[in-house]
J.: 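Handing you a structure now.
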Amino acid sequence: MGDGEPRVPTAIAVTSADLALPPQDERTLPAAVLQDVDRRPLEHVLAELQSLVDQHGHVIVVCSLAVPASVERRLHTVRALLETDRIALFRPPLPPLGIAVLARQLRQLASCDLSPGVLASAGRLLTHYIHAGALLGSVARLDHVPVGLKAHARSWMPGSQFGVVAHPVPQLVRIGPEAALTGPEFGTWLLVAKGQHPTDWVTGSLAPSWHVQGLRETALPAESATWWGTGRLTEFCAYLPDLSVLYQLVTSVRRSTCHWCGIDVIGDRCVFCSATPPVYDDGAGGDGRDRALGHRRDPALGRRRERRALTG
């Protein structure tokens, strides 16, 4: 998986300890936990990020859309004060458990011979191979997935349960004998985080219907109740666990050089400096950006979403 010069791996940071999942394998690197960045003195957070940059060269911060706005503001402030393009702030459209899984996948890949720009870009690609959802006791306050009037009304009935997939394609069903959610078309493991709700349907019905190859349980992230709009939930996430598969996915995408900061990237936007490449006519009805998105298909993973994954 690459025999380059010895290097210090890029740091993968999360904004709370419950997003730092246990290692998936012996190569999974530990996460840097940026705890309470909006509540600690600014100079402490500055020193912490500067130390990570000094030690690792580059830092990728993966955080949930459910974090308070003050957390995002503080992270942008610190990045601006440090005047560096070596800190990437990545907020993918995933529920908190999906964020934790993605951060762990990046921690796995950080042990490989991937440059910081390619590793940061990989987060956008891998997001589209994560299937994240929850079993909810109510959808009355769910705003990340479309909720019809009938489902909204039924959510007030005692004992109602709903199966929801928020990513990659929104789905919502009321739990009953025929309830089913469409799952991934490739082999995955399932991570389950139990909140104030039984897990029977997830482990007894969903997991077999998705043909998962393994199942693990973990603690529910603190941000999950906010993201899903209720504390009566069990969150789940199907993901690719094997480092070799993750590495193959990332390295099968053509690399390019960011025209602004000069680092290697995949896709059409540099995650560190946010620059997008200029578009050039290639004389074949496409453009330079299309040419950079070439990807070899792997039938074992089913239908690909490369172009959407790299431009969404």
J.: Does a donor on one side chain and an acceptor on the other come within less than 3.5 Å for T28 and D25?
T.: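 The criterion, which ignores hydrogens and geometry beyond distance, is satisfied for D25 and T28.
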J.: Are any of the side-chain heavy atoms of L42 and L81 separated by less than 4.5 Å?
T.: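 In contact.
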J.: Can you find a pair of side-chain heavy atoms, one from E223 and one from T15, that are under 4.5 Å apart?
T.: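 Side chain of E223 against side chain of T15, heavy atoms only: contact under 4.5 Å found.
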J.: If Ile, Leu, Val, Met, Phe, Trp and Tyr residues are connected whenever their side-chain heavy atoms lie under 4.5 Å apart, and connections chain through other members, are L215 and L240 in the same group?
T.: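 Result: no, two separate clusters.
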J.: Only counting residues at least two apart or in another chain, list the ones meeting ring pair (Phe, Tyr, Trp, His ring centres under 6.0 Å) with W210.
T.: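 With neighbours one apart ignored, the set is F236.
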J.: On a heavy-atom basis, which atom in A66 and which in T226 lie closest, and how many Å separate them?
T.: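 Here A66 and T226 meet closest at O-CG2, 4.5 Å.
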J.: Donor-acceptor check, side chain of S252 to backbone of L249, threshold 3.5 angstrom: yes or no?
T.: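 Side chain of S252 to backbone of L249: a pair is present.
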J.: Minimum heavy-atom separation for R91 to E72, with atom names?
T.: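 Heavy atoms only, the tightest pair is NH1-OE1, 2.6 Å.
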J.: Which pair of non-hydrogen atoms, one from S16 and one from V33, has the smallest distance, and what is that distance?
T.: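 Answer, listing the atom of S16 first, then V33: C-CG1, 3.7 Å.
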J.: In terms of side-chain heavy atoms, does S244 have a donor or acceptor partner in D242 at a distance below 3.5 Å?
T.: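 The criterion, which ignores hydrogens and geometry beyond distance, is not satisfied for D242 and S244.
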J.: Would the number of heavy atoms belonging to other residues, nucleotides or ligands and lying under 6.0 Å from CD of E43 be above 12?
T.: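 Enclosed.
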J.: Tell me, do V53 and I87 make a side-chain contact under 4.5 Å, heavy atoms counted?
T.: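 Counting from C-beta outward, V53 and I87 do come under 4.5 Å.
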J.: How about C237 and I130: do any of their side-chain heavy atoms sit closer than 4.5 Å?
T.: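 Result yes, sub-4.5 Å side-chain heavy-atom pair found.
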J.: Applying side-chain contact (heavy atoms from CB on, under 4.5 Å), run through L97 and T218 and close with a yes or a no.
T.: CA-CA 9 Å; L97 188 63; T218 190; 3.8 Å; yes
J.: If you group Ile, Leu, Val, Met, Phe, Trp and Tyr by side-chain heavy-atom gaps below 4.5 Å, do W201 and L136 land in one group?
T.: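 No; L136 is not reachable from W201 via cluster members.
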J.: Given the rule in the side-chain contact (heavy atoms from CB on, under 4.5 Å) test, do L243 and S111 qualify, once you have shown the distances and angles that lead to the verdict?
T.: CA-CA 10 Å; L243 175 58; S111 67; 4.2 Å; yes
J.: Can you check side-chain contact (heavy atoms from CB on, under 4.5 Å) on Y129 and Y239, steps first, answer last?
T.: CA-CA 7 Å; Y129 294 91; Y239 63 98; over 6 Å; no
J.: Please report the closest heavy-atom contact between V164 and L181, naming both atoms and the distance.
T.: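 Heavy atoms of V164 and L181 come nearest at N-CD1, 3.9 Å.
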J.: If I compare all heavy atoms of I12 with all of A103, which pair ends up nearest, and what's the gap?
T.: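 For I12 versus A103, the nearest heavy atoms are CG2-O, 3.8 Å.
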J.: Could you walk me through whether F90 and T127 pass side-chain contact (heavy atoms from CB on, under 4.5 Å), step by step?
T.: CA-CA 11 Å; F90 185 42; T127 295; 4.0 Å; yes
J.: What I'd like to find out is whether the side chain of L106 reaches to under 4.5 Å of the side chain of L119, using heavy atoms alone.
T.: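 Sidechains of L119 and L106: in contact.
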J.: For Q24, does its backbone N or O pair with a side-chain atom of R107 as donor and acceptor, under 3.5 Å?
T.: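 No: the side chain of R107 does not pair with the backbone of Q24.
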J.: In the single-linkage hydrophobic clustering (I, L, V, M, F, W, Y; side-chain heavy atoms under 4.5 Å), do L206 and L191 co-cluster?
T.: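 Unlinked, L206 and L191 end up in two clusters.
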J.: Is the shortest heavy-atom distance from the side chain of V8 to the side chain of H56 under 4.5 Å?
T.: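 Result yes, sub-4.5 Å side-chain heavy-atom pair found.
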J.: Is there a path of hydrophobic side-chain contacts, each under 4.5 Å between heavy atoms of I/L/V/M/F/W/Y residues, joining Y247 to L29?
T.: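 No, because L29 and Y247 fall into different hydrophobic clusters, even though each may have its own neighbours under 4.5 Å.
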J.: Should L172 and V165 be regarded as members of a common hydrophobic cluster, given that ILVMFWY residues are connected when their side-chain heavy atoms come within less than 4.5 Å of each other, either directly or indirectly?
T.: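 No, separate clusters.
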J.: Hey, is CZ on R39 packed in by over 12 heavy atoms from elsewhere, all under 6.0 Å?
T.: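 Open: at most 12 neighbouring heavy atoms sit under 6.0 Å from CZ of R39.
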J.: Describe, in one word, how the ring planes of H167 and H128 are oriented to each other, choosing from parallel (under 30°), tilted (30 to 60°) and perpendicular (over 60°).
T.: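 Correct class here is tilted.
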J.: Under 3.5 Å, is there a donor-acceptor pair between the W228 and E235 side chains?
T.: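 The answer is yes; a qualifying pair exists.
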J.: Measuring only between side-chain heavy atoms, which start at C-beta, is V118 closer than 4.5 Å to V253?
T.: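 Sidechains of V253 and V118: no contact.
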J.: So does V37 get a backbone contact from the side chain of R74, meaning a donor-acceptor N/O pair under 3.5 Å?
T.: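 Checked: pair present.
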J.: Kindly say whether A47 contributes a backbone atom to a donor-acceptor pair with the side chain of S51 at under 3.5 angstrom?
T.: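 No; zero donor-acceptor contacts below 3.5 Å.
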J.: Give a yes or no answer on whether the side chain of R104 reaches the backbone of P22 with a donor-acceptor pair at less than 3.5 Å.
T.: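 Checked: pair present.
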J.: Is the closest side-chain heavy-atom distance between I99 and V14 below 4.5 Å?
T.: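 They are not in side-chain contact.
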J.: At their closest point, which heavy atom of L246 faces which heavy atom of Q108, and how far apart are they?
T.: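 In terms of heavy atoms, the two residues are closest at CD1-OE1, 3.6 Å.
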